[in-house]
Amino acid sequence: MNTVVAGITYRALLGRRRIILLLLLPLGLIALAVLLRFFGGNDQPTAVGLMQSFAIGTMLPLLGLIAGTGVIAPEIDDGTIIHLMSKPISRPVIALTKFVVAVTLLAVFAALPTYVAAWLLVGNEDRIAAGFAAGSLAAGIAYAAVFLLLGVVTRHAVTIGIIYALVWESLVGNLLAGARTYSIQRWGQSIADQISTSAFFEADVSLSFAVPALLIVTVAAVLWAGHRLRAFSLTGDE
């Protein structure tokens with residue numbers, strides 16, 4: 001970790017339009033939970049459905065894309081990464097620092113609102129709130145790593161990320177059972193299912209597969225991002 005790089009990254013990311021997007025999605029989730037509770041939808045099936053379809057299924061991948069690519073892709077696009085690369089800072093350290101920044105943002109803007117929304121609906125019943133918050137954080141860590149890597153290896157990170165998050169995970173994953181095995185959000189739901197004891201929730205992927213998959217994808221993506229930064233020339237060419 002490099003605190004200077006982290007501070008610069010926080011200021012750059014939170015001071016741009018991305019902060020609005022980071023706020024809109026979790027506020028929308030909490031607003032939905034409040035409306036559902038007001039209209040009598042505060043039961044476990046409703047809570048589980050909202051957490052699966054919106055919190056982890058839609059909000060988390062989009063926030064992961066915003067945070068993961070936002071910590072480095074804009075710097076590459078506008079050339080300010082060159083100034084950072086000229087400093088005596090290890091490239092893997094830069095990648096790790098930006099990954100940690102993305103993870104902390106996802107913890108605040110994804111995992112915490114997920115817990116709040118679930119708690120508003122069902123309180124602490126069957127540890128649904130805690131389960132989905134933990135699952136959101138676990139999947140968010142992997143999303144941060146994958147989208148950070150995309151931000152380093154391609155200038156089309158946002159487009160590719162949207163295709164992956166919305167087409168592969170949300171569309172294909174819902175239609176083809178086999179695709180769910182290779183879905184980060186499904187791995188996160190496996191973590192949630194392990195913590196929650198709700199009878200209305202059952203994960204599609206076993207914990208014995210989900211945990212190693214999350215670890216392998218996260219570590220590999222961060223290491224690869226650091227490696228690609230090593231090959232990044234001061235002229236801005238990859």
Transitively linked via ILVMFWY side-chain contacts under 4.5 Å: Val108 with Phe99?
yes
If you define the side chain from C-beta out and look only at heavy atoms, does anything of Gln44 sit under 4.5 Å from Phe201?
no
Considering all heavy atoms of both residues, which atom of Ile72 and which atom of Val152 are nearest to each other, and what is their separation?
CD1-CG2, 3.7 Å
Determine yes or no for a side-chain-to-main-chain donor-acceptor pair under 3.5 angstrom, with Thr218 supplying the side chain and Leu215 the backbone.
no
Quick check: closest heavy atoms across Ser198 and Val48, and the distance to 0.1 Å?
OG-CG2, 4.2 Å
Is a side-chain N or O of Arg186 found less than 3.5 angstrom from the main chain of Val205, in a donor-acceptor match?
no
Are Leu121 and Leu35 linked, directly or through intermediate hydrophobic residues, by side-chain heavy-atom contacts shorter than 4.5 Å (ILVMFWY only)?
no
Does Ser136 reach the main-chain N or O of Ile56 with its side chain, forming a donor-acceptor pair under 3.5 Å?
no
Answer yes if Val100 and Ile8 sit in the same cluster of Ile, Leu, Val, Met, Phe, Trp and Tyr residues linked by side chain heavy atoms under 4.5 Å apart, and no otherwise.
no
Using modelled atom types only, decide if a donor and an acceptor are shared between the side chain of Thr97 and the backbone of Val93 within a distance under 3.5 Å.
yes
Shortest non-hydrogen contact from Ala118 toward Ala129
CB-CA, 3.5 Å
Would you mind reporting whether Trp187 and Val217 have side-chain heavy atoms less than 4.5 Å apart?
yes
Does some side-chain heavy atom of Leu25 sit less than 4.5 Å from a side-chain heavy atom of Leu21?
no
Return the OG1 to CZ distance between Thr114 and Phe54, rounded to the nearest 0.5 Å.
9.5 Å
Hydrophobic cluster identity match, Tyr115 and Ile30, side-chain contacts under 4.5 Å
yes
Can you confirm whether Tyr10 sits close enough to Leu105 that some side-chain heavy atom of one is under 4.5 Å from a side-chain heavy atom of the other?
yes
Can you find a heavy atom in the side chain of Phe132 that is under 4.5 Å from one in the side chain of Leu60?
no
Do Ile141 and Leu106 have side chains that approach each other closer than 4.5 Å (heavy atoms only, starting at C-beta)?
no
Hey, what do you get for CE (Met51) to CD1 (Ile128), rounding to the nearest 0.5 Å?
9.5 Å
Do Asn124 and Trp119 come within less than 4.5 Å of each other through their side chains, counting heavy atoms only?
yes
If you take all heavy atoms of Ala67 and Ala102, which pair is closest and at what distance?
O-CB, 3.9 Å
Which atom names give the shortest non-hydrogen contact between Ala139 and Leu214, and what distance separates them?
CA-CD2, 4.3 Å
Cluster overlap Val116 with Leu27, hydrophobic side-chain contacts below 4.5 Å
no
